[in-house]
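What follows is a set of notes on a single structure, which appears directly below.
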Amino acid sequence: MSQPDIALAIIGGTGVYRFDGLQDIEAHQPVTRYGALPGPVRVGTLAGRRVAFLARHGEGHSVPPHKVNYRANLAALQSLGATRVLALNTVGGITEGFGPRVLACPDQLIDYTWGRISTLCEEEGSKVLHVDFGEPYTPSLRRQVLDAARAAGVALVDGGCYGATQGPRLETRAEIARMRRDGCDLVGMTGMPEAGLARELGLDYACLAIVANWAAGAGPDASEVITLDDVLANVEAASSGLPALVTEMLSG
Ligand code: HPA
């Protein structure tokens, strides 16, 4: 069955369970060969274009990062007609310039996750893929995100390296110190395998990272304890410009 085009698919992370501004919303729950979704894909209109939104962890945040069915989520969005995906990822900041409430559009990543199904080649008999991943985020989509942020007057850091950790626990200070030495600016738990799978599926994919806290030991008070309340408050505050940014993307 052919589907009308979806101009943009948005995947929401921790603290982002719906997308403000979508109108005439319909719920879809496509069945994928990779299994079930954590909840409905909400398809609505924004700036006259069709936009799909999926809460990565489910709308009640019931799926931890290592249990997210990344393949099903992306395949479902693709089956609804999406070709470009904007991933919202809640993260901790590691380096200067990536403090709480900063929005960033990283251009690199390092994968520290393990034991997750990270490829479409998992099943017996499936075609072996060796996709190019030197630029893990689609450069043209990153450019659209950055241009839209500028047009919308939303501050957005251009670049940075996202380190994807296994979770669901937060990191030790030593782990964050090592990630800093490795060159990571941001740390989150859901950036991979999502980005790699998007590449295998042929989807354009960019990450918009929402910094919720200083990562362990990275902030001015190295002994600060990270609380979920702080994380959620910072995500909410930092997300207020997202509808305007996405509206600009759709009109570009
Ligand atoms: N570490 C990993 N993931 C996160 C963090 C963090 O400090 N904050 C929000 N998501």
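All residue numbers refer to positions in the sequence shown, counting from 1. Whatever order the structure lists them in is the order used to number ligands and atoms, beginning at 1.
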Going by side-chain heavy atoms closer than 4.5 Å, which hydrophobic residues are tied to M179, directly or by a chain of links? I94, I110, Y112, I176, V187
Applying side chain to side chain donor-acceptor pair (under 3.5 Å), run through T165 and E171 and close with a yes or a no. CA-CA 8 Å; T165 55; E171 299 72 33; 2.8 Å; yes
Using links of under 4.5 Å between side-chain heavy atoms of ILVMFWY residues, direct or through other members, which residues join V128 in one cluster? none
Pairs touching residues 202-225 that satisfy salt bridge (Lys or Arg N to Asp or Glu O under 4.0 Å), sequence neighbours left out: none
With a 4.0 Å cut-off on N to O distance, would you call E59 and R42 a salt bridge? yes
More than 12 heavy atoms from other groups under 6.0 Å of CD on E123: yes
Distances under 3.5 Å, N/O of ligand 1 against N/O of the protein: list each pair and its distance.
unit_1, atom_1, unit_2, atom_2, d
ligand 1, 1 (N), E171, OE1, 2.7
ligand 1, 1 (N), E171, OE2, 3.3
ligand 1, 7 (O), N213, ND2, 3.0
ligand 1, 8 (N), G92, N, 3.4
ligand 1, 8 (N), N213, OD1, 2.7
ligand 1, 10 (N), T90, O, 3.3

